[in-house]
Amino acid sequence: MLRIGEGWDSHRLVEGRALRIACVEIPFERGSLGHSDGDAAAHAACDALLGALALGDIGSHFPPGDPRWEGVDSRVFLAKVVSMLADRHANLVNIDITVIVESPRLAPFICDMRAAMAEALGCDVERVSIKAKSAEGLGAVGEGAAIEARAVALVHVAE
Ligand code: MG
């Protein structure tokens, strides 16, 4: 059986924080504000995978108020979500992630991001798509105050 899931995440961009996107640290003067490492792409991916199996969302499994997740590398979340899928005999078919940020330009990092996400998800890089867009100056993302990420994942469940 095939199941599909969708995920979305957004974080404020502030000074004094690292900018991690899809498990890659991007050199930039601001970074994502969040309880964990604030990796919006990784969080959207987690929600897409959880959504595919109707397993709730990232906040229900890794509550932001829980000190265990403070400053945690989002690869920990991805690994736990993948293991939840494996427990249910489910495997990722493919995931398509869109990152929306006004700056920096992400094109030079797409290959590294795909490789890093594939490693975190334990799958071939061909199964991971990452696209980057700007918001054309519109809204909080367009003003550079936030980063947003969306993900759609297809999951195969053995019957
Ligand atoms: Mg998040």
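For ligands, and for the atoms within them, numbers begin at 1 and follow the listed sequence. Residue numbers start at 1 and run along the sequence shown.
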Undergrad: Do the side chains of I110 and F28 join up, straight or via other hydrophobic residues, at under 4.5 Å, putting them in one cluster?
TA: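 Same hydrophobic cluster.
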Undergrad: If we count only N and O atoms by modelled type, under 3.5 Å, do the side chains of S74 and D39 hold a donor and an acceptor together?
TA: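 On atom types as modelled, these side chains do not qualify, holding no pair under 3.5 Å.
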Undergrad: If hydrophobic clusters are built by linking Ile, Leu, Val, Met, Phe, Trp and Tyr wherever their side-chain heavy atoms come under 4.5 Å apart, do I95 and V76 end up in the same one?
TA: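 Yes; tracing contacts between hydrophobic side chains, which count when under 4.5 Å, links both residues.
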Undergrad: Listing by chain and number, which protein N, O or S atoms are under 2.8 Å from the Mg ion (ligand 1)?
TA: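 As for protein N, O or S atoms lying under 2.8 Å from the Mg ion (ligand 1), they are D9 OD2, H11 NE2, H43 ND1.
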Undergrad: Among residues two or more places apart or on two chains, list those pairs meeting salt bridge (charged side-chain N to carboxylate O under 4.0 Å, His left out) that have a residue in residues 7-22.
TA: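 As it turns out, the salt bridge (charged side-chain N to carboxylate O under 4.0 Å, His left out) pairs with a partner in residues 7-22, which skip direct neighbours, are R20-E25, R20-D37, R20-D73.
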Undergrad: As a test of understanding, state which of V101, T98, I100 forms a side-chain contact (heavy atoms from CB on, under 4.5 Å) with E148.
TA: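 Result: among V101, T98, I100, I100 is the only option passing the side-chain contact (heavy atoms from CB on, under 4.5 Å) with E148.
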Undergrad: Which pair of non-hydrogen atoms, one from M117 and one from A45, has the smallest distance, and what is that distance?
TA: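 Nearest heavy atoms, M117 then A45: CE-CB, 3.6 Å.
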